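Remember, it's a predicted structure, so these values are computed and weren't measured experimentally. Start at 1 and go down the list; that is how both ligands and their atoms are numbered. These numbers come from the heavy atoms of this one structure, side chains and all, not from hydrogens, waters or symmetry mates.
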Amino acid sequence: MRFETKAVQAARETDPITGALVPPIHQSATFVQEEPGVHKGYPYGRTGNPTRALLERAIATLENGRYGLAFASGLAAEDAILHLLQPGDHVLCCDDVYGGTYRLFEQVRRRYGLEFSYFDTTDATAVKPQKNTKLIWLESPTNPLLKIADISAVAERKGNALLVVDNTFATPYLQRPLELGADIVVHSSTKYLSGHGDVIGGLIVTSNAEVYERLKFLQNAIGAVPGPFDCWLVLRGFKTLALRMKAHSENAQAVAEFLSKHRKVERVYYPGLPSHPGHAIAKRQMNGLYSGMLSFELKGNVKKFVQATKVFVLAENLGVIESLTTHPATMTHASIPPEERARRGIKDNLVRLSVGIENAQDLIEDLQQALEYA
Ligand SMILES: Cc1ncc(COP(=O)(O)O)c(C=O)c1O
């Protein structure tokens, strides 16, 4: 089956009791046992829930992996992965990641004895695992600079470490890291997977049985699990994922081309532009569509610009049907110290756009009028 069909089929299961086409939401904290330890696979709602189990099977199908696990947020999923490690272990991470990921690494997990270092996302030859390197962590495309990592080239250099890929920006419709040699895929399902901005959630997929068993244990032992209704909303999002990603990508391409010719725009970061340094790899790795995320450096006043848009809304999220603007330096990446932000190339005049599924011409006209105020 092709992706579009799989996405619709994986997210549904006819209810054996009522025949309901849309799966029920099993909004129950616990499940009745016939005798101690005898139940239908769900002893308690933190350990497992049928709606969550459907979501876990569905994301595994979409990523072409064997096992899925759902968490209360993208960061909860990331933290569960870090719990695979022990004090003294090292994580080799690409140099452009979501600010919250950086904060989790540097301000939380470093205090528990994990070591982190960073390499140039765009240079797979810079991946040189140390003896104690247990994880190699990639985002591609990255947040907020849309850098592209060559996932298979990094996989070739991973040695004994596990390769984790945050696939939030691309989604499995555009990119499937497990097929490129990754061991673990992680998502913020808050974004494109649910797609409508009404859920906070995280997902993990792996085909490694040992890693899965440990993560499943951690999911229950730590307890950062999503509620059944949130799982159901993500499942509903899967059914339209392909359609939405096409629309997001086409709109973002049009917006990127418009911005790259505008006199008030210094530089546009979008992998769909042939001038983008990662374009050739993205073209091969991402199915020829480049998602709805782009950033640009503004020649003008950022505050005036973000306040002047009428269709684009200033908000700290991405991957939802509405178009959003974000100022990484003061919003999504504020937890990275200013000197470190500057070193990574996240300038104060950088604006990030999450391009929605509205009419492309309306989006361009909105940006055009707002740029006049900037
Ligand atoms: C690439 C990426 N990964 C992970 C996260 C964290 O996800 P959540 O906000 O669901 O915890 C985000 C959030 O913006 C993100 O952009």
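In terms of heavy-atom proximity, Ala80 sits nearest to Leu218 at O-CD1, 3.5 Å. For Leu241 against Phe3, the heavy-atom pair with the smallest separation is CD2-CZ, 4.0 Å.
Scanning all protein heavy atoms for the shortest distance to atom 10 (O) of ligand 1 gives Thr190 OG1, 2.7 Å. Remark: minimum distance from atom 2 (C) of ligand 1 to any protein heavy atom is reached at Asp166 OD2, 3.5 Å. Counting protein heavy atoms only, atom 6 (C) of ligand 1 is closest to Tyr98 CE2, 3.6 Å. Here the heavy atom of the protein found nearest to atom 9 (O) of ligand 1 is Lys191 NZ, 3.5 Å.
Using modelled atom types and a 3.5 Å distance limit, the side chains of Gln130 and Asn132 yield a donor-acceptor pair.
Checked against a 3.5 angstrom limit, the closest N/O atoms of Ile200 and ligand 1 fall outside it. Between Glu139 and ligand 1, no pair of N/O atoms sits closer than 3.5 Å. For a threshold of 3.5 Å applied to N or O pairs, the pair formed by Thr101 and ligand 1 contains no separation below that value. At a 3.5 angstrom cut-off on N or O pairs, Phe169 does not count as close to ligand 1.
Proximity of Gly201 to ligand 1 is established by a heavy-atom distance of less than 4.0 Å. Contact annotation: Leu318 has at least one heavy atom less than 4.0 Å from an atom of ligand 1. Within the 4.0 Å heavy-atom shell around ligand 1 one finds Glu78.
Between Arg57 and Glu13, at least one side-chain N (NZ, or NE/NH1/NH2) sits under 4.0 Å from a carboxylate O, which counts as a salt bridge. Residues Glu4 and Lys246 are paired through a salt bridge, judged by an N-O separation under 4.0 Å between the basic side chain and the carboxylate.
The environment of Lys347 atom NZ is sparse: at most 12 non-hydrogen atoms of other residues, nucleotides or ligands sit within 6.0 angstrom.
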Chi angles and distances behind the ring pair (Phe, Tyr, Trp, His ring centres under 6.0 Å) call for Phe116, Trp137: CA-CA 10 Å; Phe116 297 90; Trp137 196 286; 8.7 Å; no
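Applying the 4.0 Å criterion to heavy atoms of Ser73 picks out, from ligand 1, the atoms 10 (O), 11 (O). Remark: ligand 1 atoms within the under-4.0 Å shell around heavy atoms of Asn143 are 16 (O).
Under the 30°/60° scheme for interplanar angles, the aromatic rings of Phe258 and His262 are found to stand perpendicular.
Phe105 does not carry Arg109 over the face of its six-membered ring by the limits of under 6.0 Å from the centre and within 45° of the normal.
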